[in-house]
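All residue numbers refer to positions in the sequence shown, counting from 1.
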Amino acid sequence: MQGPTEMIRADLVELLPDYMVPHRLVVMDRLPLTASGKVDFRALESSPETDFTTAGRPFVAPSTTTERIVRELWQAGTGQQAASVRDDFFECGGNSLIAVGLVNRINRRFGCALPLQVLFESPTVEELARRVDGQRGASSSRLVPLGAARSGRPVYCWPGLGGYPMNLRPLARRLDAGRPFLGVQAHGVNAGEQPYATIAEMAGRDVRAITEVQPDGPYTLCGYSFGARVAFETAHLLEREGRRVDRLLLLAPGSPKLRTAGSGRASYTDPAYLTILYSVFAGPSPDRAWRRACGPPRTRRASSRT
């Protein structure tokens with residue numbers, strides 16, 4: 001579930017005191033340079049990618065008790081001060097880790113069960129408060145919009161390990177082709193959901209969700225990392241039903257290549273590969289106990305007894 005900004009922030013937490021850890025991080029392809037080759041800080045400050053202000057948008061204070069509480073939880077999670085109830089979560093630098101924490105805190109405080117995809121549909125304090133108060137029914141769809149509202153045939157995209165598609169938003173912006181871009185959230189992400197046991201079962205349920213939105217093809221499918229395997233199986237099931245898939249895009253679908261003295265193939269017996277997996281789930285810096293566990297197996301000396 002971690003994207004580049006989350007991984008960078010995790011490293012900064014280990015290196016910097018709390019008051020120096022930034023609340024927002026931006027990953028850019030390149031830094032603007034002056035004619036002399038130095039970083040152009042003035043151009044950097046005015047770049048749309050680094051502009052998180054709400055200039056020109058009027059400040060709106062909470063008008064209900066629910067809005068006030070949701071706003072307090074919002075500010076605690078994002079580090080944003082004096083948030084307007086109409087500020088957009090994504091425009092304020094929200095990421096997947098903040099989103100998961102915010103929704104979980106709201107559910108605990110109000111005793112409700114908002115799904116994690118609620119922020120895609122209700123990205124402001126005002127809209128979240130309405131969902132909490134039950135003025136709008138919670139959507140059960142796992143197909144969440146990641147880009148601007150569009151008409152036409154959607155692009156369906158599966159996330160990697162973790163199953164939460166928020167980190168696919170930058171991809172949706174880059175691949176904007178004037179069509180809806182829908183992330184396929186894994187079943188099992190929300191509380192009370194039981195993950196499907198096999199990729200075939202995942203794909204079968206995803207086919208059902210996709211054909212409810214788009215009964216007829218052609219279909220455009222995209223999968224990242226582990227999601228590439230689910231996208232591939234989904235394409236197979238769609239075509240087996242006689243439906244046409246025009247494009248299947250697989251991003252980083254294979255196992256990592258290891259620069260080791262051995263075969264270089266990913267294996268559960270390879271300490272380097274296990275360290276990669278550990279870093280995905282537990283952070284970038286395995287402790288000594290983990291390194292000992294991944295070390296070469298100890299051999300037992302044969303007993304002298306017969």
Side-chain angles (χ1 to χ4, degrees), residues 1 96 99-100 103-104 107 112-123 127 131 134 136-173 175-254:
M1 294 176 66
S96 60
V100 171
V103 175
N104 286 337
N107 285 337
C112 55
L114 295 179
L116 289 179
Q117 62 264 40
V118 68
L119 279 170
F120 295 105
E121 303 162 346
S122 306
E127 292 170 332
R131 294 292 292 267
R136 293 176 57 190
S139 172
S140 60
S141 175
R142 292 184 292 107
L143 306 180
V144 295
L146 300 178
R150 306 285 189 186
S151 59
R153 293 187 298 109
V155 176
Y156 304 95
C157 191
W158 282 257
L161 283 173
Y164 192 40
M166 184 171 290
N167 288 330
L168 295 174
R169 284 176 56 83
L171 177 64
R173 290 195 297 268
L175 297 182
D176 186 1
R179 297 165 57 182
F181 194 102
L182 302 180
V184 185
Q185 181 169 300
H187 189 273
V189 170
N190 293 307
E193 293 180 347
Q194 182 67 31
Y196 300 129
T198 66
I199 291 177
E201 188 177 4
M202 296 176 194
R205 298 302 179 96
D206 291 344
V207 166
R208 187 182 307 174
I210 289 171
T211 53
E212 287 178 357
V213 173
Q214 183 187 347
D216 302 313
Y219 299 92
T220 300
L221 312 181
C222 177
Y224 166 69
S225 190
F226 175 79
R229 300 183 65 185
V230 187
F232 186 90
E233 181 68 15
T234 302
H236 167 68
L237 295 180
L238 285 169
E239 292 191 333
R240 194 173 68 179
E241 294 180 359
R243 305 174 189 269
R244 186 164 70 90
V245 175
D246 61 349
R247 290 184 180 179
L248 173 62
L249 310 175
L250 306 179
L251 308 178

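Remark: R229 CZ is loosely packed, at most 12 non-hydrogen atoms of other residues, nucleotides or ligands lying under 6.0 Å away. Taking a 6.0 Å sphere around OH of Y196, one finds it holds more than 12 heavy atoms contributed by other residues, nucleotides or ligands.
Between L143 and E212 there is no side-chain heavy-atom pair separated by less than 4.5 Å. Under the 4.5 Å side-chain criterion, counting only non-hydrogen atoms from C-beta, H187 is in contact with R142. Taking 4.5 Å as the limit, some side-chain heavy atom of F226 sits within range of a side-chain heavy atom of I199. Counting heavy atoms from C-beta outward, L238 and T211 have side chains that approach closer than 4.5 Å.
Note on ring orientation: taking the six-membered ring where Trp is involved, the planes of Y156 and Y219 are tilted (angle from 30° to 60°).
Annotation for L114 and V118: closest pair CB-CG1, 4.3 Å, computed over non-hydrogen atoms. In terms of heavy-atom proximity, A99 sits nearest to Y164 at CB-OH, 3.7 Å. The shortest non-hydrogen separation linking L237 to G204 is CD1-N, 3.6 Å. Residues P165 and V144 come closest through the heavy atom pair CG-CG2, 3.5 Å. Residues S151 and P180 share a closest heavy-atom pair of O-CD, 3.6 Å. Taking all atoms of both residues into account, the shortest heavy-atom contact from E121 to E127 is O-OE1, 4.2 Å.
Paired with C157 under the rule side chain to side chain contact (heavy atoms under 4.5 Å, CB included), one option of L171, L182, V184, L249 passes, and it is L171.
Atom OG in S96 sits 10.0 Å away from atom CG in L168 (nearest 0.5 Å). For the atom pair L116 CG and N190 CG, the distance stands at 4.5 Å (nearest 0.5 Å). Distance check: L119 CG to Q117 CD gives 10.0 Å after rounding to the nearest 0.5 Å. Interatomic distance, CD of E201 versus CG of D206, reported as 10.5 Å (0.5 Å rounding). If you take CE on M202 and CD on E233, they are separated by 10.5 Å, rounding to the nearest 0.5 Å. Taking CG of L146 as the reference point, atom CZ of R173 lies at 10.0 Å (rounded to 0.5 Å).
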Before giving the answer on side chain to side chain contact (heavy atoms under 4.5 Å, CB included), spell out for F120 and M166 the whole-Å C-alpha distance, their side-chain angles and the decisive distance to 0.1 Å.
CA-CA 8 Å; F120 295 105; M166 184 171 290; 3.9 Å; yes
Pair T220, R179 - check side chain to side chain contact (heavy atoms under 4.5 Å, CB included), show working.
CA-CA 11 Å; T220 300; R179 297 165 57 182; 3.0 Å; yes
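Remark: side-chain polar atoms of R247 are not paired, donor with acceptor, to backbone N or O of C222 under 3.5 angstrom.
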